[in-house]
Amino acid sequence: MKKNSQRQLSTKGGDNFYHRIYGMVKVIPPGKVATYGQIAALAGSPRGARMVGWALHVLSDEQLVHTPWHRVINREGRISTTCFEHTCDEQALLLKKEGVIVRKSKGNYWIDLKQFQWKV
DNA sequence: CTTATGACTTTCA
DNA sequence: CTGAAAGCCATAA
């Protein structure tokens with residue numbers, strides 16, 4: 001039997017930590033933000049930051065409404081992908097409404113993690 | 001089943 | 001300090 005470097009049967013296990021990620025994101029209080037690594041660590045995978053991004057990426061529009069994905073940002077306290085589409089603008093707006101100070105710098109939004117990073 | 005890529009993070013030089 | 005590479009799990013082809 002070869003050692004599977006990558007899990008082909010990803011759907012195996014039943015309890016996908018995807019749902020855990022969603023739960024963590026939903027637990028983020030308003031006016032606070034969390035990083036992918038933080039959510040991943042809380043979800044049980046300290047290095048699963050990418051999965052957090054994927055998890056949010058695969059979320060349906062209706063799920064996005066129930067999930068404060070805008071409170072999830074990268075380690076720099078900045079929005080990833082250099083802003084996908086209008087989503088970044090919406091995120092910044094939502095965060096501002098919650099009281100989070102979002103600085104705009106050359107098309108990128110920066111958030112003060114020292115002040116707004118969600119701490120358990 | 002294998003290869004490649006991704007809303008990321010951390011470590012080494 | 002900056003830059004490059006590896007690591008991680010899952011999805012797509």
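Just so you know, these numbers use all the heavy atoms, side chains as well, and skip hydrogens, waters and symmetry mates. Proteins come first, then strands; the chains are lettered A, B, ... in the order of their sequence lines, and each starts at number 1.
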Which whole-number value in Å describes the distance from [X] [atom1] to [N] [atom2]?
X: A/Y18; N: C/dC9; atom1: OH; atom2: C1'; value: 8 Å
X: A/L56; N: C/dC9; atom1: CG; atom2: P; value: 18 Å
X: A/H57; N: B/dG6; atom1: NE2; atom2: C1'; value: 9 Å
X: A/W54; N: C/dT11; atom1: CH2; atom2: P; value: 9 Å
X: A/R47; N: C/dA6; atom1: CZ; atom2: P; value: 17 Å
X: A/E76; N: C/dG3; atom1: CD; atom2: C1'; value: 14 Å
X: A/D89; N: B/dA7; atom1: CG; atom2: P; value: 20 Å
X: A/I21; N: C/dT11; atom1: CD1; atom2: P; value: 10 Å

Can you see which heavy atom on A/R78 is nearest to which on A/I73, and at what distance?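 Nearest pair, atom of A/R78 first, then A/I73: O-CB, 3.7 Å.
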
Relative to the 5' end of DNA chain B, which residue comes earlier, A/G37 or A/M51, by the nucleotide with the nearest heavy atom?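 Its nearest nucleotide being more 5', the pick is A/M51.
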
In terms of side-chain heavy atoms of A/Y36, which of C/dC9, B/dT9, C/dA10 is nearest?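 It is B/dT9.
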
What interatomic distance, in whole Å, is found between P of B/dT5 and the corresponding atom of C/dA5?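 Comparing P positions in C/dA5 and B/dT5 gives a spacing of 15 Å.
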
NA contact type, A/R50, heavy-atom cut-off 4.0 Å: base, sugar-phosphate, or nothing?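 Base contact.
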
Using a heavy-atom cut-off of 4.0 Å across all strands, would you classify A/G48 as base, sugar-phosphate, or nothing?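 No contact.
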
Under 3.5 Å, sequence neighbours excluded: what are the donor-acceptor pairs made by side chains of residues 34-46 of chain A?
residue, atom, partner, partner atom, Å
A/T35, OG1, A/Q38, N, 3.1
A/Q38, NE2, A/W118, O, 2.9

With respect to A/V102, which candidate in A/L93, A/L95, A/L94 satisfies the side-chain contact (heavy atoms from CB on, under 4.5 Å) definition?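 Of all the options given, the one that passes is A/L95.
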
Verdict with reasoning, A/R71 to A/Q91, per side chain to side chain contact (heavy atoms under 4.5 Å, CB included): CA-CA 8 Å; A/R71 293 181 194 146; A/Q91 174 182 46; over 6 Å; no

